[in-house]
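A short worksheet on the structure shown next.
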Amino acid sequence: MEINLVSDTVTKPSHEMLQQMFRAKVGDDVYKQDPTVNELEEAIADLFGMEAALFFPSGTMANQVAIKLHTNPGDQLICDKWAHVYNYEGGGASFNSGVSCCLLDGDRGMITAEQVEVAINPPDFYHSPLTSLVCIENTTNKGGGACYDIETLAAIKEVCSKHNLGYHLDGARLWNALVAKKQHPKQFGELFDTISVCLSKGLGAPVGSVLIGDKETMHRALRIRKILGGGMRQAGYLAAAGLYALQHNVGRLETDHKRAKQLGEVLQQCEWVEKVEPVETNVLIFSVKSQYSEAVVIEKLKQKSIFISGMGKGKLRIVTHLDYKEVMHQYVMESLSKLSF
Ligand SMILES: *Cc1c(COP(=O)(O)O)cnc(C)c1O
């Protein structure tokens, strides 16, 4: 039995999800004639109380289209220094949109309204790039699954409105935040201009992300998605997995969070662990004492068929998910507590 805790993207579709995919009614989505994609887009737009949504092959593409929608070449966006849009999208912000990133030194990937306000370049000071967009990540990936209070996001929104900036949410793991903080999608729909959500992480669909916004913005998004090669034909088979995931796999994220917390408690007791970051959702980040390298920990766990990832600088990451079951959890907790060097 292999236990893969490298990411929540490693899940495979369940039998039931596959059945729903098999049964999907499909059409050509490039002509907007796939009924299942249309159904998914409408369902997600409704859920967030926004006008329209668009299905994407990946979260990266959804974010990249959002950046393009809100900026012109030469502009600057503001995000945390650990943001996925800056660190893990292949340099796409500059490649696709010709924009630079003003990086803020946030707390576990989370930034504040005060930090944003200070980072905005005065629009009439033509020597500096024009600030046009703020990107938020919730939950934060590199920040260890931390999630924002609505009040903080509302305060940043005020700054964006005052300075006429776009406001985009990279909500790849927003579902986890909604469950952990008992928030409602409409609270986010009211604040942001665009929101991207992943169906292929905690929710367990094999492929797919969705970008949400108003009608006019999503109509423009359609063209940019086409330019990037993201127009898919009978994508309803994938959208069906997303619909299944929305109906069945949101509430259960609580279990992933509970298990991540328990793993954190076990690690806290381990002599070789330096620090465990606060666990709010399904991402657990911890560091090893300097005399034990992260590579050794990864190798020792690998020998027990447990796979986790290194983040550099002695930091390690564990992500719990749908395919991480209770028997595995018991085995991992025992293996971690017994790990010796
Ligand atoms: C996973 C992830 C994405 C998108 O990833 P894809 O693999 O392109 O779907 C975007 N933002 C964050 C924070 C993520 O964790």
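For ligands, and for the atoms within them, numbers begin at 1 and follow the listed sequence.
- Cluster note: Met218 groups with Leu54, Phe56, Met61, Val65, Leu69, Leu211, Leu222, Ile224, Leu228 through ILVMFWY side-chain heavy atoms spaced under 4.5 Å, whether in direct contact or through intervening members.
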Derivation and outcome, salt bridge (charged side-chain N to carboxylate O under 4.0 Å, His left out), residues Glu280 and Arg108: CA-CA 11 Å; Glu280 292 189 49; Arg108 292 176 298 142; 3.0 Å; yes

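- The ring of His168 has its center no closer than 6.0 angstrom to the ring center of Phe192.
- Each salt bridge (charged side-chain N to carboxylate O under 4.0 Å, His left out) pair with one or both residues in residues 63-84, not counting sequence neighbours, appears once here: Lys81-Asp105.
- Residue pairs meeting the ring pair (Phe, Tyr, Trp, His ring centres under 6.0 Å) criterion with at least one member in residues 271-298, sequence neighbours excluded: Trp272-Phe341, Tyr292-Phe341.
- Put simply, NE2 on His84 and CD on Glu89 are 5.0 Å apart, with the number rounded to the nearest 0.5 Å.
- For ligand 1, the 4.0 Å heavy-atom shell contains residues Ser58, Gly59, Thr60, Asn63, His84, Glu89, Glu137, Asn141, Asp170, Ala172, Arg173, Cys198, Lys201.
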